[in-house]
Enquirer: 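My questions all concern the structure below.
For ligands, and for the atoms within them, numbers begin at 1 and follow the listed sequence. Numbers here are sequence positions counted from 1. Note that the coordinates shown come from a computational prediction; the quantities given were computed from them, not determined experimentally.
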Amino acid sequence: MKPVQKKRLFGTNGIRGIPNADLSTAFAMDIGKSIGSYFTVERIAIARDTRLTGNMIETAVASGIMSTGSSVTDLGVLPTPALQYYCKTYDIYGVMITASHNPPQFNGIKCIDRDGTELAEEDELAVEDVYFSKKFSVSDWSKCGTLAHDDTAADSYVAAILKKIDAATISKAALRIAFDAGNGASYQTTPALLSALNTRLVTLNCNADGRFTSRESEPKPENLSSLIDMVKSGSFDLGIAHDGDADRAVFIDEKGRFIDGDKTLSLIVKYTARKGDLVVTPVSSSDCISNVCKETGATLVRTRVGAPIVSRKMIDIKAMIGGEENGGVIYSGHQFCRDGAMTAALVLQLIAASKKSISELIGELPKYTLAKRAVHISKPWGELLQSLEAEFSGKEIDRTDGIKIKEGKNWVLIRPSGTEPIVRLYAQGKDEKDSSTLADKYQAKLEKIMK
Ligand code: MG
């Protein structure tokens with residue numbers, strides 16, 4: 001069985017597939033061998049989220065790594081950013097077994113660099129080259145790696161976050177928090193962090209359950225109805241939810257309203273960045289963050305879409321903060337990767353310090369909304385792009401990623417998906433109706449071009 005049909009194995013966020021269907025244990029072991037053959041290091045850390053196939057895939061990858069002579073340290077179930085923090089702390093490579101927010105039948109393999117960021121594209125390509133050539137550096141029996149366990153990673157990760165924030169101010173506020181782990185990898189770490197911050201905490205779905213029986217893993221409003229109802233019916237300052245591997249955090253305001261990730265990022269930038277700081281975000285985030293940067297005197301740098309791209313850019317230019325519109329915030333004071341628990345701690349900090357409610361804070365931000373669509377395409381992206389360029393030749397166009405077309409004070413971004421035959425369409429408007437109308441208009445244009 002050919003495990004993955006595409007030439008490239010690593011997508012924007014690692015390898016993904018359904019174990020025993022298109023992600024076999026034999027394939028996972030060969031990926032382990034490829035990783036070990038390429039890195040040729042003494043030790044590699046490995047961790048997993050709560051998925052039922054986590055043990056199986058992790059064991060296969062670890063076995064492949066050990067066959068090349070590298071030893072493996074198994075950190076157990078952890079949020080992806082906790083593994084990343086461990087890699088950064090000990091200056092070692094890591095492998096995360098996760099499919100992030102995908103449905104429970106999926107799993108995946110993602111490589112972490114020694115500085116804690118996602119592995120650079122050229123290194124992923126090199127690992128793939130080893131895989132496709134099958135030129136594994138398999139060791140003599142006497143030099144094979146061994147397996148060790150380290151269960152300290154979760155505690156040191158939480159302790160690190162506590163050191164980066166004003167824990168005294170947050171603790172004094174005794175905030176009332178409802179937290180939903182969605183049965184995912186954050187089921188222990190985020191409750192531990194919130195308890196250490198003296199919050200009045202009620203938890204939801206904080207049992208590790210790889211079937212994700214309580215809600216779907218993607219933290220979008222339609223999957224968070226239990227948390228939203230809980231916040232609405234109780235007396236809470238904030239609701240918090242993560243995706244399956246907890247590199248993202250989303251928030252529910254005290255009235256039970258879902259807060260867009262775009263707004264969370266802008267809010268954190270507003271209260272954290274100072275004059276002269278650099279802020280990085282992809283072209284898909286709204287102009288809310290551009291306006292906030294102007295107000296604070298920070299300089300905004302826009303990149304292509306993808307958390308690893310934002311992280312690398314932040315390191316290159318020594319940026320202070322960065323992130324995406326989906327709830328992934330990267331705070332340089334902690335580490336150069338998306339981190340759900342760190343994001344939650346920053347939001348608690350700004351509520352506690354401002355003595356305002358989260359809805360008041362959000363209400364003070366510039367008003368923009370984003371409408372997002374996924375449109376199935378029947379033509380290759382290159383052809384479609386040519387037609388789009390011809391169609392919009394009279395308009396102001398940005399080609400940082402896909403094509404971004406200026407529409408008065410707003411814009412529409414159309415970019416191909418890296419993994420599926422779809423294009424992603426983002427439309428910015430001044431309110432929901434406005435962005436929706438713009439998205440509909442461009443979706444219709446796209447469908448017409450494809451005919
Ligand atoms: Mg994730």
Side-chain angles (χ1 to χ4, degrees), residues 10-17 23 46-51 53-54 57-58 75 77-87 94-113 116-119 124 154 157 161 179-190 205 208-210 212 215-221 223-224 240-251 260-262 264-265 281-282 284-285 305-311 322-331 334-344 372 417-420 424:
F10 289 92
T12 35
N13 257 305
I15 295 168
R16 297 267 170 95
L23 202 168
I46 196 162
R48 61 183 189 277
D49 67 16
T50 57
R51 286 164 198 275
T53 54
I57 299 298
E58 185 191 68
L75 308 180
V77 172
L78 277 187
T80 300
L83 168 67
Q84 291 178 283
Y85 186 73
Y86 188 93
C87 290
V95 180
M96 184 70 200
I97 309 302
T98 181
S100 182
H101 57 273
N102 284 162
Q105 64 270 30
F106 284 84
N107 214 330
I109 306 165
K110 173 164 151 168
C111 293
I112 308 299
D113 211 333
T117 57
E118 284 91 351
L119 200 63
E124 284 183 340
Y157 166 68
I161 295 175
F179 169 66
D180 180 353
N183 307 124
S186 63
Y187 75 107
Q188 286 179 309
T189 44
T190 298
N205 308 322
D209 177 359
F212 300 149
R215 68 160 166 94
E216 284 180 43
S217 192
E218 171 75 357
K220 51 187 183 181
N223 294 339
L224 298 176
I240 305 172
H242 294 312
D243 65 330
D245 66 330
D247 54 356
R248 291 189 280 143
V250 300
F251 301 91
D260 278 330
D262 199 67
T264 310
L265 175 63
T281 198
S284 52
S285 305
V305 175
I309 295 166
V310 176
S311 295
E324 303 174 303
E325 35 59 48
N326 62 6
V329 176
I330 305 164
Y331 178 56
H334 177 47
Q335 57 177 350
F336 285 100
C337 64
R338 293 185 298 187
D339 191 323
M342 185 72 226
T343 306
K372 298 177 206 173
S417 156
T419 49
E420 298 164 83
R424 299 205 181 275

Enquirer: Which N, O or S atom name in Asp247 marks its closest approach to the Mg ion (ligand 1)?
Expert: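 Minimum-distance N/O/S atom of Asp247 relative to the Mg ion (ligand 1) is OD1.
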Enquirer: For Asp243, what is the atom name of its N, O or S atom nearest to the Mg ion (ligand 1)?
Expert: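 Result: OD2.
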Enquirer: State whether the side chain of Arg16 and the backbone N or O of Asn102 hold a donor-acceptor pair below 3.5 Å, judged by distance alone.
Expert: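 No; zero donor-acceptor contacts below 3.5 Å.
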Enquirer: Using only atom types and a distance under 3.5 Å, with no angle test, would you say the side chain of Asp243 pairs donor to acceptor with the backbone of Ala246?
Expert: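 Yes, because the side chain of Asp243 sits within donor-acceptor range (under 3.5 Å) of the backbone of Ala246.
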Enquirer: Verify the neighbour count for atom CD of Glu216: are there more than 12 heavy atoms of other residues, nucleotides or ligands below 6.0 Å?
Expert: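 Open: at most 12 neighbouring heavy atoms sit under 6.0 Å from CD of Glu216.
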Enquirer: When you check the gap from the basic side-chain N to the acidic O, do Glu218 and Arg248 get nearer than 4.0 Å?
Expert: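 A salt bridge is present here (some side-chain N lies under 4.0 Å from a carboxylate O).
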Enquirer: Can you check the angle at the Mg ion (ligand 1) formed by OD1 of Asp245 and OG of Ser100? Round it to the nearest 10°.
Expert: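 That angle is 100°.
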